[in-house]
Amino acid sequence: QVQLVESGGGSVQAGGSLRLSCAASGYTSSRYYMGWFRQVPGKEREGVAVALIDTYGGNTYYSDSVKGRFTISRDNAKNTLYLQMNSLKPEDTAMYYCAAARALVLEQPLSRHGYVYWGQGTQVTVSS
């Protein structure tokens, strides 16, 4: 059973930084997508940053709204995915979710539809 547990959310002023963590357990595949999504009330959950993890170096994908400000990374020894968020803006305020996919190939890695495992979410609030 795959379990994803997020941590690291909180409140910060605009321009500040936060780092989210996602501790993963139960995942045995050598090639998989894992990433961060966010959602505000009344809107669809959107992909923020996704990592393809495999034995060939993988790849990373970012939404245009966070490119250059957010960085996704993974510590394989700790089975933990991170999202370093810098230069935060009030529009980054949302519930952030960690997610993992079962499919070996995703046509749209930033689309939530490819992901079957989800964490419980961690709130990020950015004040102006």
Side-chain angles (χ1 to χ4, degrees):
Q1 181 73 17
V2 175
Q3 287 192 321
L4 305 172
V5 179
E6 303 100 331
S7 61
S11 297
V12 66
Q13 287 195 325
S17 298
L18 282 174
R19 189 176 80 156
L20 305 183
S21 300
C22 174
S25 61
Y27 219 97
T28 57
S29 176
S30 60
R31 175 187 168 92
Y32 55 94
Y33 294 83
M34 187 174 285
W36 293 94
F37 293 74
R38 66 187 182 189
Q39 188 170 23
V40 296
K43 290 192 174 182
E44 281 206 9
R45 193 169 296 186
E46 63 168 353
V48 174
V50 168
L52 166 60
I53 298 156
D54 64 17
T55 56
Y56 299 100
N59 206 345
T60 53
Y61 308 86
Y62 295 93
S63 68
D64 288 342
S65 61
V66 307
K67 206 172 290 184
R69 300 188 297 123
F70 291 11
T71 302
I72 189 171
S73 63
R74 176 170 170 84
D75 185 329
N76 291 327
K78 295 182 179 179
N79 282 333
T80 300
L81 186 75
Y82 300 99
L83 183 68
Q84 178 66 44
M85 305 185 294
N86 298 328
S87 302
L88 282 161
K89 304 175 181 180
E91 51 264 44
D92 294 318
T93 295
M95 184 71 79
Y96 282 71
Y97 297 90
C98 177
R102 274 204 302 248
L104 295 180
V105 177
L106 291 178
E107 293 292 330
Q108 296 179 299
L110 289 171
S111 169
R112 64 181 176 86
H113 297 294
Y115 295 81
V116 295
Y117 304 110
W118 294 89
Q120 81 288 353
T122 185
Q123 178 68 36
V124 171
T125 303
V126 184
S127 57
S128 56

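Computed over heavy atoms, backbone and side chain alike; hydrogens, waters and symmetry mates excluded.
Ser111 contributes no side-chain N or O that, together with a main-chain N or O of Pro109, makes up a donor-acceptor pair within less than 3.5 Å. Without hydrogens or angle criteria, Gln3 side chain to Ala24 main chain gives no donor-acceptor distance under 3.5 Å. At distances below 3.5 Å, at least one donor-acceptor pair connects side-chain atoms of Glu6 with backbone N or O atoms of Gly121. No side-chain donor-acceptor contact under 3.5 Å links Asn76 to the backbone of Asn79.
The shortest non-hydrogen separation linking Leu83 to Ala49 is CD1-CB, 3.9 Å. The minimum heavy-atom distance between Gly47 and Ser63, with the atom names listed, is O-CB, 3.4 Å. Nearest heavy atoms, Gly9 versus Leu20: N-CD2, 3.6 Å.
Residue pairs that meet the ring pair (Phe, Tyr, Trp, His ring centres under 6.0 Å) test with at least one member in residues 37-65, sequence neighbours left out, are Phe37-Tyr115, Phe37-Trp118.
Atom CD of residue Gln84 and atom CG of residue Leu18 lie 8.5 Å apart, to the nearest 0.5 angstrom. The distance from the CG atom of Leu110 to the OH atom of Tyr33 is 10.5 Å, given to the nearest 0.5 Å. Here the CZ atom belonging to Arg74 is positioned 7.0 Å from the OG1 atom belonging to Thr80, to the nearest 0.5 angstrom. Between the CG atom in Leu52 and the CG atom in Leu104 there is a gap of 9.5 Å [rounded to 0.5 Å].
Heavy atoms from other residues, nucleotides or ligands lying under 6.0 Å from CZ of Arg31 number more than 12. With a 6.0 Å radius and a threshold of 12 heavy atoms from other residues, nucleotides or ligands, Gln108 has its CD atom at or below the threshold.
Side-chain contact between Leu4 and Met34 is present, with at least one heavy-atom pair separated by less than 4.5 Å. Counting heavy atoms from C-beta outward, Leu81 and Asp75 have side chains that stay 4.5 Å or more apart.
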Could you list the donor-acceptor pairs under 3.5 angstrom formed between side-chain atoms of residues 92-100 and any protein atom two or more places apart in sequence or on another chain?
| from | atom 1 | to | atom 2 | distance (Å) |
| --- | --- | --- | --- | --- |
| Asp92 | OD1 | Arg38 | NH1 | 2.9 |
| Asp92 | OD1 | Arg69 | NH2 | 3.0 |
| Asp92 | OD2 | Arg69 | NH1 | 2.7 |
| Asp92 | OD2 | Arg69 | NH2 | 3.4 |
| Asp92 | OD2 | Lys89 | N | 2.8 |
| Thr93 | OG1 | Pro90 | O | 2.9 |
| Thr93 | OG1 | Val126 | N | 2.8 |
| Thr93 | OG1 | Val126 | O | 3.3 |
| Tyr96 | OH | Arg38 | NH1 | 2.9 |
| Tyr96 | OH | Asp92 | O | 2.6 |

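For the pair Arg19 and Tyr82, the distance from NZ or CZ to the six-membered ring centre is under 6.0 Å and the angle to the ring normal is within 45 degrees.
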Between Gln39 and Glu46, is a side chain to side chain contact (heavy atoms under 4.5 Å, CB included) present by the stated rule, with each step listed? CA-CA 6 Å; Gln39 188 170 23; Glu46 63 168 353; over 6 Å; no

Can you list the steps and then say if Trp36 with Val66 is a side chain to side chain contact (heavy atoms under 4.5 Å, CB included)? CA-CA 12 Å; Trp36 293 94; Val66 307; over 6 Å; no

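Hydrophobic clustering of Ile, Leu, Val, Met, Phe, Trp and Tyr side chains at less than 4.5 Å, counting indirect connections, keeps Val50 apart from Val124. Placement of Val48 and Leu106 in two distinct hydrophobic clusters is found when ILVMFWY residues are connected by side-chain heavy-atom separations under 4.5 Å, directly or transitively.
Every residue two or more places apart in sequence or in another chain that forms a side chain to side chain donor-acceptor pair (under 3.5 Å) with Ser17 is listed here: Asn86.
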